[in-house]
Amino acid sequence: MQRVDGELLVRKAVFSDTALLFQWANQPIVRFQAFAQQPITWFDHTYWCHRRFVGKNGIWVGVLNNREVGQVRFDEDLQAACWLIDIHLDDSYKGKGLGLQLLNQAMQQQAALRPCYYFCALAKVSNTASCRLFEKAGFSMVGLVCLQGQWCWQYERF
């Protein structure tokens, strides 16, 4: 693994990040690992962003040397009282050790919004990179679940 130099900073996503988030969301590997694998349309994405940039749900962007490198999204699950995590890095920054830093910093920021919530994540069984990331970040694997016809590991961190 080739590491990168510089300090990773995390900031809240803003509406001007819409095009960047759209680009990342439609990267082939992101669509392959997603539960809904069809490409996302610009119309659907901008509508989604308008709803996402308000409220407690959060999207955090990792910035390294003035370049955006990835995002962590937290969806509030009111029933389980947890933050459901979605994370991905720009293709050019994968395998450089940034995922763990990005996840940990974003979780710290998000926890301030509802401190009583815990974090949960689902990773497809085939997505070994995400599974390793959540395990390195101190998540416990709590079970195997089928979501939208796809088997995934469920992780939790309190």
Side-chain angles (χ1 to χ4, degrees), residues 1-13 17 20-40 44-45 48 52 56-64 67-158:
M1 170 182 359
Q2 181 184 359
R3 299 244 177 224
V4 292
D5 292 328
E7 181 183 359
L8 180 73
L9 304 172
V10 174
R11 65 167 174 78
K12 190 103 160 118
D17 291 317
L20 177 63
L21 296 172
F22 178 74
Q23 175 189 342
W24 284 339
N26 278 306
Q27 288 178 333
I29 190 66
V30 173
R31 296 289 11 112
F32 177 74
Q33 294 297 358
F35 292 104
Q37 295 182 329
Q38 64 277 13
I40 299 167
D44 289 341
H45 179 71
W48 178 86
R52 294 296 308 187
K56 299 232 183 247
N57 290 324
I59 303 174
W60 301 90
V61 175
V63 180
L64 179 72
R67 278 203 69 202
E68 288 82 4
V69 299
Q71 66 90 28
V72 181
R73 186 180 81 229
F74 297 95
D75 293 312
E76 186 176 25
D77 183 332
L78 293 171
Q79 187 173 11
C82 77
W83 294 115
L84 182 61
I85 298 171
D86 174 79
I87 180 171
H88 58 263
L89 292 172
D90 184 274
D91 282 344
S92 59
Y93 288 94
K94 290 181 179 170
K96 299 181 186 303
L98 293 172
L100 184 60
Q101 292 177 59
L102 175 59
L103 178 60
N104 283 331
Q105 287 185 39
M107 286 173 44
Q108 185 177 21
Q109 297 288 334
Q110 189 68 24
L113 296 176
R114 289 213 200 268
C116 59
Y117 277 28
Y118 68 98
F119 294 97
C120 53
L122 298 170
K124 285 184 178 180
V125 170
S126 62
N127 189 347
T128 56
S130 286
C131 293
R132 280 193 313 271
L133 172 65
F134 291 121
E135 290 166 10
K136 283 181 186 177
F139 282 73
S140 298
M141 185 188 299
V142 295
L144 185 63
V145 296
C146 186
L147 181 65
Q148 299 175 6
Q150 300 174 65
W151 288 101
C152 54
W153 294 112
Q154 182 177 349
Y155 291 92
E156 293 179 347
R157 183 172 131 181
F158 291 88

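Computation of the quantities below employed the complete heavy-atom set of this structure, encompassing side-chain atoms and omitting hydrogens, waters and symmetry-equivalent molecules. Treat the numbers as computed from the prediction; the structure is a model and nothing was measured.
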As an exercise, state the distance from [atom1] of [X] to [atom2] of [Y], rounded to the nearest 0.5 Å.
X    : Y    : atom1 : atom2 : result
L100 : Q105 : CG    : CD    : 10.0 Å
N26  : L21  : CG    : CG    : 11.0 Å
W60  : M107 : CH2   : CE    : 13.0 Å
L98  : L133 : CG    : CG    : 11.0 Å
Q110 : R73  : CD    : CZ    : 11.5 Å

Kindly write out the residues that satisfy side chain to side chain donor-acceptor pair (under 3.5 Å) with [X], not counting sequence neighbours, or none if the list is empty.
X    : result
D44  : T41
E135 : Y155
E76  : R114, Y117
T128 : none

My understanding is that only one of H88, R67, E68 makes a side chain to side chain contact (heavy atoms under 4.5 Å, CB included) with Y93; could you say which? R67
For residues 137-154, dump all side-chain donor-acceptor pairs below 3.5 Å to protein atoms at least two apart in sequence or in another chain.
unit_1, atom_1, unit_2, atom_2, d
Q150, OE1, K124, NZ, 2.8
Q150, NE2, F35, O, 2.9

Those residues that, when tested against [X], pass side-chain contact (heavy atoms from CB on, under 4.5 Å) (two or more places apart):
X    : result
Q23  : L20, D90
A129 : N127, R132
D91  : Q27, I29, K94

Would you name the heavy atoms of [X] and [Y] that are closest together and state the gap between them?
X    : Y    : answer
I40  : A25  : CD1-CB, 3.8 Å
A13  : V61  : CB-CG2, 3.8 Å
L64  : D5   : CD1-O, 3.9 Å
A112 : P115 : O-CD, 4.0 Å
V30  : W24  : CG2-O, 3.5 Å

List the atom pairs, donor and acceptor, that lie under 3.5 Å between side-chain atoms in residues 77-87 and the rest of the protein, sequence neighbours left out.
unit_1, atom_1, unit_2, atom_2, d
D77, OD1, Q79, N, 3.1
D77, OD1, A80, N, 3.0
D86, OD2, Q71, NE2, 3.0

List in chain and number order the residues that pass ring-ring contact (aromatic ring centres under 6.0 Å, His included) with Y118, two or more places apart in sequence or in another chain; answer none if no residue qualifies. F158
Give a yes or no on whether the backbone of F22 and the side-chain of H45 come within a donor-acceptor separation of less than 3.5 Å.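 Yes: the side chain of H45 pairs with the backbone of F22.
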Salt bridge (Lys or Arg N to Asp or Glu O under 4.0 Å) involving D17 - partner list, sequence neighbours excluded: R11
